[in-house]
Asks: 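Got a structure for you, written out below as structure tokens; questions coming shortly.
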Amino acid sequence: MSVNRMLAVVVILSLPVLTSAEDGDKAVARYQQLVREQPNNPSHLLNLGILLNETGSPDKAYHVLVRSERLMPGNAFLLRQLGWTCFSKENYRQAIRYFKKAISIDPLGWESYAGLGWSYLNIRQNTDAIAALEKAREINPGSSMPLVLMARFYQSRGDIDTARQLYETAEKTDYRLPEVKAERLSMDQPSSPLSWMGKTKRKLKSVKPSLDFMDKSSAEAVLDTDSDADSEEILPKAFLPGRGSKPLKEKWITTLNVGLFCNNQGDPVALDEIRFFSRGPFRIVSERSRQLLVHSTTEGLWRVHRKKDTLLITGPKSQKVVTVREPSVRVIPEKSADPIVIQRGGRERLYRGTLEIRRHGGGLRVINHVSMSDYLLSVIPAEMDEESPTEALKAQAVLARSFALSRRTHLDQGYDLCDGQHCQVYRGGYFDNEKLKRVIEDTPREVLTYDGKVAQTVYSSNCGGQTQDSRELSGWGDVPYWQSVTDAPFTRIVRTPLEHEMWIRGVPAVYCRPSPYVFPAEARWVRIIPEEVLRARLEKSYKNIGRIKKLRVRRRSQSGHVNAVEVVGTEQTIVIDKEHKIRSQLAPGGLRSTLFTVQVHYHRGRAVEFIFWGGGWGHGLGLCQSGATGMAAKGKNYRTILRHYFPLCRLEKMAQ
């Protein structure tokens, strides 16, 4: 019987027990009861073994999986599970035997080669280890895991050049690996505590969050970088009640007010100065009295800074200084097509519309008053690759337009939307992109609506194959049209631990799988986080956890995303149950998503590192951008794409 046929039989034998939405210990108890009732059902045993591994009991999991393997010999997936279970509990020679058996049945299983190579490294059969890891890399060039393991080996041998090259390749394979970048940097800093050599003897002290990393090594600074996952927690201020549709009565808004240079929560940041120039003539007027302050017809860099309650406007080469005692001024180009260019941090950003420069705190803040079309010309390519299929870009245009009209949660701060991920990424520019112009023109004033209002159209980069339901996420509320849908032409709900494990360890035939438009590491990824690095990360938010003994998945949503994680320390146990906190707190730089399984690697009975096997990127609510590109590549139009992800919403055109 083929491997796929064998796995299909296992799934058919699995009863539809909904373990994902309940406490992990209760799920274990339910499967233990099923095993007692049907002791010769290999599916129940396999599900129980997977659950025991996930809830931090690899010894118990091993005995259960062995029983399952006796009833169902020759299953490569089951043999890999046994191999990784033995690896977790330091039985490397037994792990090698299971991985070799799995390879003999499924010679293209890259994960078996990775486990085989890692096990060989632990018993110092280095030649065999490198050969196995090279094979894993050959089969799955999209995974960074074999590269990281080989880099660690060469680093431990003192071959720094080879290790550095492998780390750099790993970063290119998955660019969200700050622990790998930190490790590479630490090789140039002999005193850094991050070296893999002698890692069981060292402690990485907790580093307080700071914007200035000059007082610590660059390697430590990388690990100390806060995740941007927090900014993706989008909490609507008002949820739409009921179901059904009503005539759209909301008014079209032609101009948006966007706060520039905001922090991760969308709040204005006090800037020391604003440096800008215009590509054409412009005027500066006082906001309150509308007094003309400057009329410039020549190019040159202008500067606005603050001295107490006074705004100082300095012209090119400091030839002229205008003093303004009003709270704000506005920069207005004479031609709407002429952008204003702001210089900041060594970069230039082009903005159309007008700029309002206002006193804020001890400095200044900037608000861009911009037309909807020019706003979309910036947001669409910032949120989705401009090389994506046109129909996917059209879907993104409708979502971005709908989001902008429905979001507007910064009104009390003086603007509609911020320019970061808290709202939508807006960086100006792209005004001459003809493809994007056509995308906007082909979806004129089109928005998604629900119950007579513009819908709050959230989206994420990659859902991993199944989007989430807002009711399953703590803090997101009950929004009827934020439903869980399968990112594929078929309907699929991950029901059992076995199904979820197969889903996350494989690459299912979903729209958001790797493609010319989808980076492999965004669809499926692996992170290896040392215990001391994770401990330092958690100690920023929780005190006196102590050394971490276990990470246990406590609860999952029906889509398979983790809803609660239990961290068991020597001093206390904590539970993390917010989506954005799970992502941001369990790894430097944040995990890509909460769609993962976690495996603990023990050494002499102590947890030394945690292996996250994951899929997707983002919160997984609403539209899956990678899936949208996959649907468009298969010939689906933007209306079909939007209907797939928002089946309860209507596509309507707003009246001018």
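Both backbone and side-chain heavy atoms feed into the values below; hydrogens, waters and symmetry mates do not. Residues: numbered from 1 along the sequence shown.
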Asks: Between Ser112 (side chain only) and Arg80 (backbone N and O only), is there a donor and an acceptor less than 3.5 Å apart?
Replies: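 Checked: no pair found.
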Asks: Please evaluate residues His44 and Glu37 with respect to the criterion side chain to side chain contact (heavy atoms under 4.5 Å, CB included), reporting the C-alpha separation (whole Å), side-chain torsions for both, the decisive distance (0.1 Å), and the verdict.
Replies: CA-CA 10 Å; His44 295 336; Glu37 294 171 357; over 6 Å; no
Asks: Classify the ring geometry of Tyr481 against Tyr450: parallel below 30°, tilted from 30° to 60°, perpendicular beyond 60°.
Replies: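 Tyr481 and Tyr450: tilted rings.
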Asks: Please step through side chain to side chain contact (heavy atoms under 4.5 Å, CB included) for the pair Asp174 and Leu177, ending with a clear verdict.
Replies: CA-CA 6 Å; Asp174 186 348; Leu177 296 174; 3.8 Å; yes
Asks: Step by step, would you call Gln413 with Asp267 a side chain to side chain donor-acceptor pair (under 3.5 Å)?
Replies: CA-CA 8 Å; Gln413 295 164 309; Asp267 300 323; 2.6 Å; yes
Asks: State which residue, out of Arg552, Arg30, Arg554, fulfils the salt bridge (charged side-chain N to carboxylate O under 4.0 Å, His left out) condition with Asp25.
Replies: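 With Asp25 as partner, Arg552, Arg30, Arg554 yield a single salt bridge (charged side-chain N to carboxylate O under 4.0 Å, His left out), made by Arg552.
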Asks: Main chain of Ser388, side chain of Thr629: is a donor-acceptor contact present, judged purely on distance under 3.5 Å?
Replies: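 Absent.
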Asks: Output the distance between atom CE (Met384) and atom CG (Leu436), rounded to the nearest 0.5 Å.
Replies: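 Between Met384 CE and Leu436 CG, I get 11.5 Å after rounding to 0.5 Å.
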Asks: Suppose we screen for side chain to side chain donor-acceptor pair (under 3.5 Å). Which residues come up paired with Tyr375, at least two apart in sequence or across chains?
Replies: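 With neighbours one apart ignored, the set is Gln424.
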Asks: State the CG-CZ distance between Leu595 and Arg583, to the nearest 0.5 angstrom.
Replies: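 Interatomic distance, Leu595 CG to Arg583 CZ, rounded to 0.5 Å: 11.5 Å.
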Asks: Is it true that the side chains of Thr55 and Ser57 contain a donor and an acceptor less than 3.5 Å apart?
Replies: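 No, Ser57 and Thr55 have no side-chain donor paired with an acceptor closer than 3.5 Å.
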Asks: Would you please indicate yes or no on a ring centroid separation below 6.0 angstrom for His561 and His619?
Replies: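 Not close enough - the centres of the two rings lie 6.0 Å or further apart.
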Asks: Taking the side chain from Thr457 and the backbone from Leu399, do they hold a donor-acceptor pair closer than 3.5 Å?
Replies: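 Present.
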Asks: Between Tyr511 and Lys634, is any pair of side-chain heavy atoms under 4.5 Å apart?
Replies: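 SC-SC contact between Tyr511 and Lys634 confirmed.
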Asks: Considering residues, nucleotides and ligands other than Lys172, do more than 12 of their heavy atoms fall under 6.0 Å from its NZ?
Replies: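 12 or below, so no.
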Asks: Under 4.0 Å between a side-chain nitrogen and a carboxylate oxygen: does that hold for Arg505 and Glu111?
Replies: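 Counted as a salt bridge, because a side-chain N and a carboxylate O are separated by less than 4.0 Å.
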Asks: Taking it one step at a time, do Leu376 and Arg401 satisfy side chain to side chain contact (heavy atoms under 4.5 Å, CB included)?
Replies: CA-CA 7 Å; Leu376 293 178; Arg401 187 183 293 121; 3.7 Å; yes
Asks: How close do Arg445 and Ala655 get, heavy atom to heavy atom, and via which atoms?
Replies: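 Where Arg445 meets Ala655 most closely, the heavy atoms are NE-C, 4.2 Å.
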Asks: Under 3.5 Å, is there a donor-acceptor pair between the side chain of Ser584 and the main chain of Gly590?
Replies: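 Not confirmed, Ser584 side chain does not pair with Gly590 backbone.
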Asks: May I ask you to decide if Ser461's main-chain N or O and Ser626's side chain share a donor-acceptor pair within less than 3.5 Å?
Replies: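 Yes, the answer is positive, given that a donor and an acceptor are paired below the 3.5 Å cut-off.
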Asks: Under 4.0 Å between a Lys/Arg side-chain N and an Asp/Glu carboxylate O for Glu179 and Arg527?
Replies: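 Result for this pair is yes, salt bridge flagged.
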Asks: How far does OG1 of Thr496 sit from CG of Leu48, to the nearest 0.5 angstrom?
Replies: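 Between atom OG1 of Thr496 and atom CG of Leu48 there are 12.5 Å.
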Asks: Considering non-hydrogen atoms only, spot the tightest contact between Ser373 and Ile440 and give its length.
Replies: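 In terms of heavy atoms, the two residues are closest at O-CD1, 3.7 Å.
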Asks: Donor-acceptor pair, distance only, cut-off 3.5 Å: does the side chain of Lys550 make one with the backbone of Gly56?
Replies: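 Such a contact is found between Lys550 side chain and Gly56 backbone.
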Asks: Decide yes or no for Asn41 and Leu34: does some side-chain heavy atom of the first lie under 4.5 Å from some side-chain heavy atom of the second?
Replies: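 They are not in contact (no side-chain heavy atoms under 4.5 Å apart), so the answer is no.
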Asks: Closest heavy-atom contact between Pro381 and Glu386?
Replies: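 Smallest interatomic distance, heavy atoms only, reads CB-CB, 4.2 Å.
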Asks: Look at Asp451 together with Lys453 and state whether they make a salt bridge at an N to O cut-off of under 4.0 Å.
Replies: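 Answer for the salt bridge query: no.
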Asks: I'd like to know if the side chain of Thr173 reaches the main chain of Ser143, judged simply by a donor and an acceptor atom lying under 3.5 Å from each other, with no hydrogens or angles considered.
Replies: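 No; zero donor-acceptor contacts below 3.5 Å.
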Asks: Quick check: do Arg408 and Leu411 have side-chain heavy atoms less than 4.5 Å from each other?
Replies: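 Heavy-atom side-chain distance check passes, below 4.5 Å.
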Asks: Taking the side chain as every heavy atom from C-beta outward, state whether Leu448 and Leu651 have any pair of such atoms under 4.5 Å apart.
Replies: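 With C-beta onward as the side chain, the pair touches.
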Asks: Taking Asn47 for its side chain and Ser43 for its backbone only, find out whether a donor-acceptor pair lies under 3.5 Å.
Replies: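 Such a contact is found between Asn47 side chain and Ser43 backbone.
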Asks: Could you tell me whether Arg176 sits above the aromatic face of Phe519, with NZ or CZ closer than 6.0 angstrom to the six-membered ring centre and within 45 degrees of the axis?
Replies: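 Output no; distance or angle outside limits.
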Asks: Using the rule side chain to side chain donor-acceptor pair (under 3.5 Å), only one of Gln466, Gln558, Glu472, Gln468 pairs with Ser484; which is it?
Replies: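 Answer after filtering Gln466, Gln558, Glu472, Gln468: Gln466.
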Asks: Take Glu383 and Gln396, measure what side chain to side chain contact (heavy atoms under 4.5 Å, CB included) needs, and give me the verdict at the end.
Replies: CA-CA 8 Å; Glu383 294 287 1; Gln396 182 66 49; 3.9 Å; yes
Asks: Would a 4.5 Å heavy-atom cut-off, applied to side chains only, mark Val567 and Thr573 as touching?
Replies: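 When only atoms from C-beta onward are counted, Thr573 and Val567 do not touch, as no gap falls below 4.5 Å.
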Asks: Strictly distance-based, threshold 3.5 Å: is any side-chain N or O of Lys394 a donor or acceptor partner for the main-chain N or O of Asp442?
Replies: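 No; zero donor-acceptor contacts below 3.5 Å.
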Asks: How long is the straight-line distance from CG of Leu621 back to OG of Ser460, given to the nearest 0.5 Å?
Replies: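 Output value for this atom pair is 7.5 Å.
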Asks: Work out which heavy atom in Thr443 is nearest to a heavy atom in Ala397; give both atom names and the distance.
Replies: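 Where Thr443 meets Ala397 most closely, the heavy atoms are OG1-CB, 4.0 Å.
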Asks: If you take all heavy atoms of Gly627 and Cys512, which pair is closest and at what distance?
Replies: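 Smallest interatomic distance, heavy atoms only, reads N-CB, 3.6 Å.
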Asks: Please walk me through it: do Gln625 and Tyr517 pass side chain to side chain donor-acceptor pair (under 3.5 Å)?
Replies: CA-CA 10 Å; Gln625 292 174 307; Tyr517 307 105; over 6 Å; no
Asks: Could you tell me which non-hydrogen atom of Ile582 sits nearest to which non-hydrogen atom of Ala564, and how far apart they are?
Replies: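 Ile582 and Ala564 have their closest heavy atoms at CD1-N, 4.0 Å.
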Asks: Enter the distance from Gln483:CD to Asp469:CG here, rounded to the nearest 0.5 Å.
Replies: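 It is 7.0 Å, given to the nearest 0.5 Å.
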Asks: Look up atom CG in Leu65 and atom CG in Leu45, then write down how far apart they are to the nearest 0.5 Å.
Replies: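 Between Leu65 CG and Leu45 CG, I get 8.5 Å after rounding to 0.5 Å.
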Asks: Please tabulate, for the side chains in residues 640-649, all donor-acceptor contacts under 3.5 angstrom to protein atoms that are two or more places apart in sequence or on a different chain.
Replies:
| unit_1 | atom_1 | unit_2 | atom_2 | d |
| --- | --- | --- | --- | --- |
| Thr640 | OG1 | Asn637 | OD1 | 3.1 |
| His644 | NE2 | Thr486 | O | 2.9 |
| Tyr645 | OH | Asp487 | OD1 | 2.2 |

Asks: So, Asp416 side chain and Leu256 main chain: donor-acceptor pair closer than 3.5 Å or not?
Replies: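 The answer is no, because no donor-acceptor pair under 3.5 Å joins these two groups.
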Asks: Taking the side chain as every heavy atom from C-beta outward, state whether Phe87 and Ile611 have any pair of such atoms under 4.5 Å apart.
Replies: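 A side-chain contact exists here, since the closest heavy-atom pair is under 4.5 Å.
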Asks: Please check if any side-chain donor atom of Gln599 sits under 3.5 Å from a side-chain acceptor atom of Trp613, or the reverse.
Replies: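 Their side chains do contain a donor-acceptor pair, which is all the 3.5 Å distance test asks for.
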Asks: Counting the benzene-type ring for Trp, do Phe610 and His601 have ring centres under 6.0 Å apart?
Replies: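 Ring-ring flag for Phe610/His601: false, centres at least 6.0 Å apart.
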Asks: Measuring only between side-chain heavy atoms, which start at C-beta, is Leu586 closer than 4.5 Å to Ile529?
Replies: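 With C-beta onward as the side chain, the pair stays apart.
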Asks: Is there side-chain contact between Leu393 and Pro389, with at least one heavy-atom pair below 4.5 Å?
Replies: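 No - every pair of side-chain heavy atoms lies 4.5 Å or more apart.
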Asks: Parallel, tilted or perpendicular: which describes the rings of Phe612 and Phe596, with under 30° parallel and over 60° perpendicular?
Replies: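 Ring orientation, 0 to 90° scale: perpendicular.
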